[in-house]
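Read through the structure below, which is laid out as structure tokens, and then see the notes.
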Amino acid sequence: MNKENQTLTMETLASLCKRRGFIFQTSEIYGGINGFWDYGPLGTELKRNIRGSWWHSVVQTRDDVVGLDSSIIMHSKTWEASGHIDGFSDPMVDCKSCKKRYRGDQLCEEQGKALQNEAGTYSLPEGIKCPACGSKDLTEPKAFNLMFKTFVGPVENDSTVAYLRPETAQGIFAQFQNVCSVARQKVPFGIAQIGKAFRNEINPRNYTFRSREFEQMELEFFIKPGSDEEWHNSWVEERLKWYESIGLPGSSLHKYVYPKDELAHYASACVDIMYDFPFGTQELEGIAARGDFDLSRHQECSGKSMAYFDQESNEKFIPHVIEPSAGVDRIALALLCNAYTEEWVAKGESSEIIPAEPGKKPPEGYEARTVMKFAPAIAPIKVAVFPLVKNKPQLLEKARGVFDKLKVCWPSFWDQTGAIGRRYRRQDEIGTPFAVTVDFDTLEDDTVTLRERDSMKQERVRIDELIGKLHGALI
Ligand code: GAP
């Protein structure tokens, strides 16, 4: 989080996101559903940019990763093999007084205690209270499976039960042999997938951070047994660099290295990439060295071989896997938090900018502005075009010509209404890095004013040089 944003609340961010069209509550007209969100026009572009950048970095620019788009509903045996049917649960606790429902581990943590777990049975430590009504009359934690259940076809019975996938990873493991046989890849190589995942979270919270429907970007990178540590380290560094490349400052990113006793029994290492959200430092992505657990389990449960034959060494083995697994929605939320900036700008020519002081009004001669300082490559709209006035057909036509040229290169925005200063502020608030104003001089000399969002500096640029100039600045 930026220094300036230390007082940012999720309420303030959610209000901007709704007002400007980043994120809406789902089915709001019916009162919404907790844990589900819709992305508006700008949120949609933001998420497209996140996915595009991830795909560019993880698939397109590498020779050793290919893509997959597997179905959301898979054979229910998939989830037996992966361990989700038996083990994908959270401890649920109910308040007997006010009927509020909690995740036991979170409830204890918030009260400075730890949920007790003896031989797989959870219990609450002494003194835990319901945060809503203060009652200590709580149920013992009960394992609640997070998978959404449905039925395939018209008959609803045990044999037609299916699940909405709780992660995209299993689609990759289940298609390992098919991809291997067509992709002309040799181990080490990876299969990447972006798609929706669903978890019936007991307590969705912190705006979009923990949702019930979300999107994952997952890579399963298959390696030779024994090279786990080297590849794990390399992917952790690779992924950290990517977060910085999309504009999250290194100082707000952290690694949480799992101690051995916190690792799943099959994993040899796991590192979470964490971001300093206003509500605490939380996970954006997990990078796990999962050994051959997943492929072996699918081999066991399907009866189909998951072995790989390495022609160079003449060896047959089940590859180990390194799994970087990130959430699009959490990254979008981190980018929104990081971009949010309140400033005071001197009125008049100087346009001096000073950081706003939280809760105070700007001093005499200054006005407040909210600006979303997205990295240009991630900003939803790249450039806005303004005709200085809207009632001069010749000016409008000229500005339209400029807009038509820009919109084929980047998502661009046309705005002809209101004072020019107000139009700049509107673009600042949605994070558009550049604005182009077409004025009466344009009709004479074919130049426009190009205004940069963060510095608010303006320069005259020839129309025929505009695209080249923006290309350089929008990388
Ligand atoms: N295949 C491994 C896996 O799914 P995970 O840590 O459960 O690992 C990976 O999930 C990422 O998916 C998380 O780091 C997070 O970014 C995202 N994610 C998980 N649960 C989420 C939720 N309820 N809401 C939003 N994003 C979530």
Side-chain angles (χ1 to χ4, degrees), residues 23 26 33-37 39 43 47 50-51 54 58 68 70 72 74 78-79 81-84 87-90 103 105-106 144-148 163-174 190-221 232 235-236 239-240 242-243 246 248 253-256 258 262-264 266-267 269-275 277 279 281-291 293-295 297-298 321-336:
I23 302 173
T26 200
I33 326 180
N34 197 8
F36 296 89
W37 300 94
Y39 287 80
K47 287 217 312 180
I50 296 169
R51 285 188 218 107
W54 185 88
V58 170
L68 183 75
S70 70
I72 286 173
M74 299 178 66
T78 308
W79 310 109
S82 66
H84 283 83
F88 192 57
S89 56
D90 278 339
R103 228 176 88 175
D105 52 337
Q106 289 173 351
F144 171 75
N145 193 294
L146 300 185
M147 284 198 295
F148 281 98
Y163 300 92
L164 301 192
R165 66 181 177 201
E167 60 173 27
T168 61
Q170 297 306 322
I172 299 179
F173 294 124
I191 306 176
Q193 160 149 252
I194 301 179
K196 289 271 187 169
F198 303 83
R199 296 184 189 177
N200 199 359
E201 298 283 354
I202 295 170
N203 196 3
R205 57 187 190 167
N206 291 328
Y207 197 21
T208 58
F209 179 83
R210 190 172 302 286
S211 306
R212 289 178 165 141
E213 175 177 339
F214 55 96
E215 213 172 343
Q216 288 187 316
M217 305 188 288
E218 297 201 292
L219 166 69
E220 304 303 329
F221 196 77
H232 184 253
W235 274 110
V236 171
R239 298 298 305 133
L240 271 169
W242 180 76
Y243 283 99
I246 59 167
L248 295 179
L253 295 166
H254 308 277
K255 286 195 267 187
Y256 176 73
Y258 281 63
E262 276 183 29
L263 289 174
Y266 47 78
C270 187
V271 169
D272 283 349
I273 296 181
M274 319 275 286
Y275 172 74
F277 285 99
F279 47 82
T281 302
Q282 298 280 349
E283 173 190 337
L284 293 175
E285 166 162 357
I287 303 155
R290 298 176 59 88
F293 176 77
D294 305 275
L295 288 180
R297 284 289 300 153
H298 284 298
V321 75
I322 307 297
E323 180 192 68
S325 170
V328 180
D329 310 78
R330 280 196 190 170
I331 296 168
L333 186 60
L335 290 168
L336 286 162

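Note that ligands are numbered from 1 as they come in the structure, with each ligand's atoms numbered from 1 the same way.
- In the model, Tyr256 has a side-chain atom that pairs as donor or acceptor with a side-chain atom of Glu262 under 3.5 Å.
- The closest side-chain heavy-atom distance from Ile202 to Gln106 is not below 4.5 Å.
- Looking at Glu201, Gln216, Glu167, Gln282 and measuring to atom 10 (O) of ligand 1, the nearest heavy atom belongs to Gln216.
- The distance criterion of under 3.5 Å between nitrogen or oxygen atoms is met by Leu284 with respect to ligand 1.
- Residue-ligand proximity, Phe209 to ligand 1, at heavy-atom distances under 4.0 Å covers atoms 24 (N), 25 (C), 26 (N).
- Distances from atom 2 (C) of ligand 1 to the heavy atoms of Arg205, Glu323, Met217 show the closest one on Glu323.
- Ile331 has its side chain within reach of Trp242: a pair of non-hydrogen atoms, C-beta onward, lies under 4.5 Å apart.
- When only interatomic distances are considered, the shortest N/O to N/O separation between Thr208 and ligand 1 does not fall below 3.5 Å.
- Just one residue in the list Leu219, Asp272, Val236 forms a side chain to side chain contact (heavy atoms under 4.5 Å, CB included) with Ile287, and that residue is Val236.
- When hydrogens are left out, the protein atom nearest atom 15 (C) of ligand 1 is Arg330 NH1, 3.4 Å; that is the closest non-hydrogen contact.
- The atoms of ligand 1 that sit less than 4.0 Å from any heavy atom of Ser211 are 22 (C), 23 (N), 24 (N), 25 (C).
- Between Val271 and the choices Arg239, His232, Glu285, the side chain to side chain contact (heavy atoms under 4.5 Å, CB included) rule is met once, by His232.
- The nearest heavy-atom contact from the protein to atom 13 (C) of ligand 1 is Glu283 OE2, 3.3 Å.
- Scanning the protein heavy atoms around atom 17 (C) of ligand 1, the nearest turns out to be Gly327 CA, 3.8 Å.
- At the shortest separation from atom 7 (O) of ligand 1 among protein heavy atoms lies Arg199 NH1, 2.8 Å.
- A side-chain hydrogen bond (donor to acceptor under 3.5 Å, both in side chains) with Glu215 is found for one member of Arg330, Lys47, Lys196 and no other, namely Lys47.
- Annotation: atom 8 (O) of ligand 1 to nearest protein heavy atom, Ser325 OG, 3.8 Å.
- Only the backbone of Glu285 comes within 4.0 Å of ligand 1, counting heavy atoms alone; no side-chain atom from C-beta on gets that close.
- Atom 18 (N) of ligand 1 has its closest protein heavy atom at Phe214 CE1, 3.5 Å.
- Between Phe36 and Phe148, the angle of the ring planes lies from 30° to 60°, which puts this pair in the tilted group.
- Applying side chain to side chain contact (heavy atoms under 4.5 Å, CB included) to Glu220 and the options Ile172, Leu295, Leu68, Thr168 leaves one that passes, Ile172.
- Of the possible donor and acceptor atoms, one in the side chain of Asn145 sits under 3.5 Å from a partner among the backbone N and O of His84.
- Taking every non-hydrogen atom of Glu218 and a distance limit under 4.0 Å, the qualifying atoms of ligand 1 come out as 1 (N), 2 (C), 3 (C), 4 (O).
- For Arg212, no heavy-atom contact with ligand 1 is shorter than 4.0 Å.
- A donor-acceptor distance shorter than 3.5 angstrom exists from the side chain of Arg165 to the backbone of Ser70, with no hydrogens or angles considered.
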